[in-house]
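In what follows, every heavy atom counts, from backbone to side chain, and hydrogens, waters and symmetry copies are set aside. Numbering starts at 1 and runs along the sequence shown. Predicted model only: the values in this text are computed from it and were never measured.
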Amino acid sequence: MINRRNFFTGAAAAAGGALLARMVPTARGAEPGMKATSTGTTAPFVPPADWKGYKPVITPNGLTLPWKMVNGVKVYHLIAEPVTHEFAPGLVAECWGYNGRIHGPTIEAVEGDRVRIYVTNHLSAPTSVHWHGILLPSGMDGVGGVSQKAIQPGETFKYEYTLKQHGTFMYHSHHDEMTQMQLGMTGLYIVHPTNPTKPPPDRDYAIMLSEWKIEVGARRPDPNEMTDFNVFTMNARNFPGTQPLLAKVGDRVRIRVANLSTMSHHAIHLHGYNFKVVATDGGEIPEAGQWPETTVHMPTGSTRTVEFVANTPGDWVMHCHMLHHVMTQMGHTFGNVIGINTEGLNRKIRKLIPGYMVMGQDGMADMGDMGMAVPPNSLPMVGAPGQHDYITMGGMFTIVKVREELPVDGSDPGWYKSPPGTLAEVAPADDLKRDGIELPKDLPKSAALRTSPKGEAWCGPVPPTKTPLLAKLGAAK
């Protein structure tokens with residue numbers, strides 16, 4: 001029987017044995033079962049009924065920070081505190097954030113507002129908050145040791161200033177940034193224009209990009225990591241934990257993207273559409289300076305705002321085009337066996353290592369739908385089941401769902417059903433003959449038609465007859 005222990009023993013052997021010493025102790029030391037306080041539920045703030053200042057933004061999987069008016073000043077309260085955060089079902093980690101959230105709640109205000117933001121330190125270490133991109137007095141800039149004293153544990157500081165510009169900005173700790181920002185102490189800061197030059201978009205979304213190093217089975221991100229990140233998120237969620245972005249056909253859609261990743265830039269690519277970059281955190285881009293794109297480059301420490309009209313229905317993926325940013329844990333520590341003839345290896349090595357499996361000789365795409373258990377508190381490196389096949393991407397990945405009509409409650413409309421004649425399928429033999437398409441004589445047999453070998457163990461919900469990888473493993477028995 002192939003179980004979790006044997007699966008990772010085999011994986012270690014495939015990597016030349018180097019993985020075993022790192023992975024098994026970590027997995028055994030994991031602390032599964034703790035309930036997350038930050039679960040990725042979306043909670044926009046609805047202003048008072050008589051408030052006409054702006055149309056609230058939607059932060060998918062995120063919270064908007066409530067405010068109240070006190071003598072003409074908009075008052076907010078941020079609490080820096082430890083947060084148990086769920087990156088996706090199956091991966092929960094102990095982080096630091098604000099108001100029970102990773103990332104912190106989105107702050108919304110209007111250009112010209114006088115804002116007063118109280119920050120309470122509920123951490124064990126000093127902190128501060130920098131208002132990234134906001135024009136304000138030096139003493140309100142939030143850099144510990146430079147523009148203010150650090151906020152000591154138990155203290156509450158007051159920041160107060162008048163907003164002089166509009167746009168998409170950020171806030172984050174500016175004290176021991178390497179530790180505090182890598183543990184999640186960041187958030188979005190949206191300032192709406194007082195006198196907008198055009199109507200608000202029908203859909204206004206805000207997304208924060210981040211990267212993390214979380215060892216397989218570990219309970220806490222490693223804030224000391226400088227290069228080797230293995231969890232890539234949108235609003236601190238990893239696909240399949242990301243919420244889709246919804247739009248109706250004809251909607252004008254705005255997506256505000258911010259990047260506070262530790263070391264990486266990101267190339268955010270949208271399928272099915274082109275868009276225009278209409279603003280940065282430095283301000284609006286004049287229309288004459290805009291041009292169509294399908295990918296927006298996101299340097300770390302920056303924001304970009306893109307807009308397009310949702311005129312084509314479908315399920316359109318939006319993801320980072322840095323290829324390893326659409327995978328998750330366990331995707332980059334195996335030995336490279338692409339193209340190696342592994343015939344007979346299972347039979348031979350299982351005499352020494354029961355349950356050993358050859359993997360990776362044809363790539364790692366099939367790993368996601370094996371149905372194998374993984375170590376406690378970890379994610380498989382790719383994807384989730386899709387409508388037609390297993391989706392072999394994870395990480396910094398979501399879906400923009402455009403429909404003629406959407407559920408009135410704003411819920412996920414499910415998968416898009418392609419009209420007849422608009423879905424790519426296996427080419428009929430008659431079509432190939434008609435169009436004079438000659439196929440190679442040595443084509444491999446379709447993996448989907450193979451069946452799992454008799455007696456091969458199966459640990460997941462997908463029937464073995466639909467599992468290409470196990471069929472390949474059986475051939476090497």
Side-chain angles (χ1 to χ4, degrees), residues 239-240 244 246-249 269-274 294-295 308 310-319 321 323 326-327 337-343 358-372 380-394 397-406 412-454 456 458 460-477:
F239 183 79
L246 309 184
K248 289 181 64 175
V249 171
H269 174 57
L270 175 62
H271 291 213
Y273 289 92
N274 56 35
T294 65
T295 302
F308 62 96
N311 52 17
T312 306
D315 292 335
W316 305 107
V317 303
M318 186 173 76
H319 63 94
H321 226 290
L323 301 184
V326 286
M327 69 90 187
V337 294
I338 296 292
I340 292 177
N341 183 354
T342 59
E343 183 177 358
V358 176
M359 62 177 63
Q361 69 272 29
D362 296 313
M364 302 304 292
D366 290 323
M367 188 177 176
D369 65 354
M370 289 168 60
M372 289 292 178
M381 76 172 201
V382 291
Q387 176 180 198
H388 302 291
D389 259 325
Y390 197 89
I391 300 169
T392 56
M393 290 184 286
F397 177 102
T398 191
I399 302 175
V400 177
K401 298 192 173 187
V402 181
R403 300 289 189 273
E404 295 285 354
E405 296 295 336
L406 293 170
D412 188 335
W415 295 109
Y416 180 71
K417 304 301 180 184
S418 297
T422 66
L423 177 66
E425 298 178 295
V426 174
D430 289 346
D431 287 5
L432 296 173
K433 182 178 180 181
R434 178 197 66 207
D435 295 331
I437 303 298
E438 295 186 11
L439 303 179
K441 302 300 183 184
D442 59 347
L443 277 176
K445 190 175 181 180
S446 173
L449 300 179
R450 302 177 191 173
T451 57
S452 178
K454 188 174 181 180
E456 184 72 86
W458 181 248
V462 182
T465 54
K466 295 184 179 179
T467 308
L469 181 58
L470 285 187
K472 296 173 188 175
L473 296 177
K477 259 185 115 179

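- We find that Arg434 and Asp431 are joined by a salt bridge, their nearest charged nitrogen and carboxylate oxygen being less than 4.0 Å apart.
- Look at Glu404 and Lys248 and you find no salt bridge, because none of the NZ, NE, NH1 or NH2 atoms lies under 4.0 Å from a carboxylate O.
- Taking Lys417 as the reference, nothing meets the salt bridge (charged side-chain N to carboxylate O under 4.0 Å, His left out) condition, with sequence neighbours excluded.
- How far NZ of Lys441 is from CG of Leu443: 10.0 Å, rounded to the nearest 0.5 Å.
- Here the NE2-OG1 distance, from His319 to Thr398, works out to 11.5 Å after rounding to the nearest 0.5 Å.
- Atom OG1 of residue Thr312 and atom NE2 of residue His271 lie 14.5 Å apart, to the nearest 0.5 angstrom.
- Taking the six-membered ring where tryptophan is involved, the planes of Tyr273 and Phe308 are tilted, since the angle between them lies from 30° to 60°.
- The closest donor-acceptor contact from the side chain of Asp315 to the backbone of Tyr416 lies under 3.5 Å.
- Closest approach of Pro385 to Ile391, counting heavy atoms only: O-CD1, 4.2 Å.
- Listed for the His269 side chain is a donor-acceptor partner under 3.5 Å among the backbone atoms of Thr294.
- Listed here is the closest heavy atom pair of Ala247 and Leu406: C-CD1, 3.7 Å.
- The nearest pair of heavy atoms linking Asp412 to Pro244 is OD2-CG, 3.5 Å.
- The CD atom of Gln387 sits 10.5 Å away from atom CG of Asp389, with the distance rounded to the nearest 0.5 Å.
- Note that CE of Met393 and CE of Met327 are 14.0 Å apart. Values are rounded to the nearest 0.5 Å.
- Between Arg403 and Gly414 the shortest heavy-atom distance is NH2-O, 2.7 Å.
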